[in-house]
Amino acid sequence: MTQMKLRIFYFAIIFMLICEIKPQVSDESEFLVDRSQTGLTHVPKDLSLKTTTLNISQNYISEIQSSDILSLSKLRILMLSHNKIQYLDISVFKFNRELEHLDLSHNKLRKISCHPTVNFKHLDLSFNAFDDLPICKEFGNLAQLKFLGLSATQLRKSSVQPVAHLNISEVLLVLGDSYGEEEESDSLRYFNTRSLHVVFPTKKEFRFILDVSVSTAVNLELSNIRCVLPDDECHFLDVLSKLHKTPRLSKLTLNNIETSWSIFIAIIQIGWHIKMEYFSISNVKLQGHLGFRKFDYSNTSLKALSIQQVVSDVFSFPQSNIYSIFSNMKIQNFTVSATHMLHMLCPSQISPFLYLDFSNNLLTDIIFKNCTTLTALKTLSLKMNQLKELANIILMTKEMKSLQQLDISQNSLRYNEDENTCSWTKSLLSLNMSSNTLTDSVFRCLPPKVKILDLHNNRITNIPKNVTHLQALQELNIAFNSLTDLPGCGTFSSLSALIIDHNSMSHPSADFFQSCQKIRSMRAGNNPFLCTCELREFIKNIDQVSSEVAQDWPDSYKCDYPESSKGVLLKDFHVSPLSCNTTLLILTVVTTMLVLAATVTFLCHYFDLPWYLRMMCQWTQTRHRARNICLEELQGTLQFHAFISYSGHDSAWVKNELLPNLEKENLQICLHERNFVPGKSILENIINCIEKSYKSIFVLSPNFIQSEWCHYELYFAHHNLFHGHFDNLILILLEFIPQYSIPSSYHKLKALMAQRTYLEWPAEKSKHGLFWANLRAAININLMNQVKEINHT
Ligand SMILES: *[C@@H]1O[C@H](CO)[C@@H](O)[C@H](O)[C@H]1NC(C)=O
Ligand SMILES: *[C@@H]1O[C@H](CO)[C@@H](O)[C@H](O)[C@H]1NC(C)=O
Ligand SMILES: *[C@@H]1O[C@H](CO)[C@@H](O)[C@H](O)[C@H]1NC(C)=O
Ligand SMILES: *[C@@H]1O[C@H](CO)[C@@H](O)[C@H](O)[C@H]1NC(C)=O
Ligand SMILES: *[C@@H]1O[C@H](CO)[C@@H](O)[C@H](O)[C@H]1NC(C)=O
Ligand SMILES: *[C@@H]1O[C@H](CO)[C@@H](O)[C@H](O)[C@H]1NC(C)=O
Ligand SMILES: *[C@@H]1O[C@H](CO)[C@@H](O)[C@H](O)[C@H]1NC(C)=O
């Protein structure tokens, strides 16, 4: 008992050791503790000394003291955002020499006490309640500083000065709601940063002027721009205008704008002339109306304009005013996405557009109808719109001589093949028509040089055999349709990637891999596979190519039918080759039978199998009978094991073979001439012998039949032997007796011969052993009256 306890104790210790060692082994330098969103009101005391990252954000912690984190000497990252801290003394971190990432955003910080020791790379004090910028003089020593998050309600040049000489990658400045227009408007110019993100007060009209033209900035992001006043009171346009002075600016991002249509267009117009390449506007809420407005397209360095997520009041003005401004922009990339745009005009002159993304709008089939000016366009996305007839889209591309990529996925496209001549632009290389309502007919008209074709999630049931040859097609995605078989590669001679999962293939044809020699990647899982013989070849083939090619093998391939194998992985589905091949089955059965027959014939011929069988049979019968005889009863009267009757012609065999073989086993044999009782007739002597013997052995031969049988007939008749003790009789057939040579009066003998209830003397010496054994077994019995007495009398 105690030993048992001891063992458990050891196991526990070993287990603990393993658990303890594990984190160290897996990553010695990282030890992350996440106690975020756990309702903490204080920094927890039970932290491991190894902690390198501590996440206690989104709690109710209101202060942080030196003693809280003093012992965490390995701490590198401390996340304290979304708490209730009001005051920060930087000296609390003086013992955390490794600390480089401190996130105190979204707290209630009003004051900060400075201390020179720490070396932050990432310091986030944004979204707090500071009045002045929380920049200590000591921050000037943070040579590693990459990110600085700040918040303030007033800006002063002198506040920025301490960090003006640092090269900070990113500065986030959040202006509090009470930020006012009387501020020193050029205070930000002293920041030395690549990226500046200014978050203006929410829900506050943009009446102030702030110079955001930081000379080092490459990326500038401005969030929360609210200008719903009469246009001339919105000072944001003035703020934008000052950006002409930013020599390095490459990308301007405006977020979260609420304004009028006219100010919105004015913003784009100003942006158009700012010296930068990328202009991105997102999350816009617009109101009012727009009259006709001339847009100055001259002198822009813009390459890409992106307008995303625009909601607008009900349009009360001709939208073509907007569309005509957009369509004639002379830039490469233009995105208008997730707006409620209904239409887009064809550019009036040859357009430099290379890339147009009009996804997630309300565009209809008439877009760019008969448009001949988009000749440079390479990529067009009309994903998630209201397109209906593929024929219209095919016609649309006709004049887009450079179009290489077209995405018209997630519309309601169908294709009626009779309607149209197939006029896809020949330049098209990649076509995405996924998530529409296209049927088999879509294969009647496809761009001839297309390399990538996405048709997943449509209503295709079959790929017609006589489709136009798509010799360039390399990638075909046809998942989530209702196909019943793999396509051959006759029509797609270059196919190297095929996705055909989630279809209705029950027994895909196995010759796919022969037909598609160039296949390098395929996914064909999640089909309702019918696990029968026909599938074996397919399984074999896919198992061979498996991991490199079939990327979802084996886990996505399961039997769907029959019920008994439902859910079994194809990999584990086995059926014997025999049960699948009828010819093979018949051949095997026939062969087996032939071999069996040949063996039997051979055995019969060379080893006289029937003889052995008969001997064995008699042996068993004898055994069986011997068991049933009431031995005691017999043993009382018997003196001999057997009486032997034979013809004088066979006496040589009896003397030389039979007697020696029986008597050497101590069997007592009665011969009527040897055990002769004087004064009795021969017949009486014979009868005497028979009565005292357990068995009577008759050595049958033609001689015996001719000469001796009559004696016994007489005796048998006399004693009714055949009816009573029929078992006593053992017939040895020494020589073959033809049936006809037995006189017809010997009914019994004929019957016995016919039943073959005799022991046959084998000619071959090899069989003699079994013969003697059989005979001895038949007559062997323990005799009580010892025969010796008789011998003596
Ligand atoms: C810290 O926890 C917050 C809240 O659960 C989570 O949003 C944030 O991703 C976590 N930060 C890290 C670095 O795990
Ligand atoms: C600031 O550092 C970045 C690399 O971190 C470098 O590319 C850039 O030129 C530096 N700017 C100044 C003004 O030193
Ligand atoms: C465009 O630039 C040219 C020369 O660079 C200048 O002459 C012209 O006035 C500019 N146009 C506008 C509208 O700024
Ligand atoms: C235009 O958009 C394409 C696709 O997003 C992009 O690969 C390309 O770099 C963009 N070009 C410019 C000048 O922004
Ligand atoms: C498009 O052009 C064809 C002739 O090329 C003309 O019949 C058809 O009216 C035009 N459609 C539109 C909408 O301009
Ligand atoms: C086709 O568009 C769908 C979304 O509409 C996208 O998931 C899929 O990746 C696109 N296919 C290709 C080949 O780009
Ligand atoms: C393809 O065969 C179908 C009938 O099977 C026929 O209606 C159609 O016109 C044929 N299309 C081509 C392009 O041969």
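Keep in mind that what you see is a predicted model, and the values were worked out from it rather than measured. In each ligand, atom 1 is the first atom listed, and ligand 1 is the first ligand listed.
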Q | Contact with ligand 6 for Ser434, non-hydrogen, under 4.0 angstrom | A |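 Heavy atoms of Ser434 do come under 4.0 Å of ligand 6.
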Q. Side chain, backbone, both or neither: which part of Lys383 comes within less than 4.0 Å of ligand 6 when only heavy atoms are counted?
A.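 For Lys383, only side-chain atoms sit under 4.0 Å from ligand 6.
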For ligand 1, find each of its N or O atoms that sits under 3.5 Å from a protein N or O atom, and tabulate the pairs with distances to one decimal place.
| residue | atom | partner | partner atom | Å |
| --- | --- | --- | --- | --- |
| ligand 1 | 2 (O) | Ser36 | OG | 3.1 |
| ligand 1 | 2 (O) | Asn55 | OD1 | 3.2 |
| ligand 1 | 2 (O) | Asn55 | ND2 | 2.4 |
| ligand 1 | 2 (O) | Ser57 | OG | 3.3 |
| ligand 1 | 5 (O) | Ser36 | OG | 2.9 |
| ligand 1 | 5 (O) | Gln37 | OE1 | 3.4 |
| ligand 1 | 11 (N) | Asn55 | ND2 | 2.8 |
| ligand 1 | 14 (O) | Asn55 | ND2 | 3.4 |

Q. Among Asn432, Leu413, Ile367, which residue meets the side-chain contact (heavy atoms from CB on, under 4.5 Å) test with Leu382?
A.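 Of the listed residues Asn432, Leu413, Ile367, the side-chain contact (heavy atoms from CB on, under 4.5 Å) partner of Leu382 is Ile367.
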With sequence neighbours excluded, residues passing salt bridge (charged side-chain N to carboxylate O under 4.0 Å, His left out) with [X]:
X: Glu277; value: Lys303
X: Asp124; value: none
X: Lys121; value: Glu100

Q: Could you tell me which atoms of ligand 6, counted from 1 in the order shown, lie closer than 4.0 angstrom to a heavy atom of Ser409?
A: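 Contacts of ligand 6 toward Ser409, numbered from 1: 2 (O), 4 (C), 5 (O).
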Q: Can you sort out which atoms of ligand 6 are near Gln410, meaning under 4.0 Å from one of its heavy atoms?
A: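 Answer, ordered by atom number: 4 (C), 5 (O).
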Q: State which residue, out of Asn385, Asn392, Asn411, fulfils the side-chain hydrogen bond (donor to acceptor under 3.5 Å, both in side chains) condition with Asp365.
A: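 With Asp365 as partner, side-chain hydrogen bond (donor to acceptor under 3.5 Å, both in side chains) holds for just one option, Asn392.
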Q. Do the charged groups of Asp440 and Arg459 touch, with an N to O distance under 4.0 Å?
A.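 Salt bridge absent between Asp440 and Arg459.
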Q. Counting each atom of ligand 4 from 1 as listed, which ones have a heavy atom of Gln332 under 4.0 Å away?
A.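 Near Gln332, the atoms of ligand 4 are 13 (C).
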Q: Within a distance under 4.0 Å of any heavy atom of Lys303, pick out the atoms of ligand 4 and give their elements.
A: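 Checking each atom against Lys303, I get 13 (C).
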(Q) Can you classify the ring geometry of Phe368 versus Phe358 as parallel (below 30°), tilted (30 to 60°) or perpendicular (above 60°)? (A)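 If you compare the ring of Phe368 with that of Phe358, the planes turn out tilted.
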Q.
Below 30° counts as parallel, above 60° as perpendicular, anything between as tilted: where do the rings of Phe334 and Phe326 land?
A.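 Ring orientation, 0 to 90° scale: perpendicular.
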Q: Using a cut-off of 6.0 Å, state whether more than 12 heavy atoms not belonging to Lys426 lie near its atom NZ.
A: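 Count not over threshold, so no.
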Q: Look only at interatomic distance and state if Asp454 has a nitrogen or oxygen under 3.5 Å from any nitrogen or oxygen of ligand 6.
A: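 The answer is yes, given that Asp454 and ligand 6 share an N or O pair closer than 3.5 Å.
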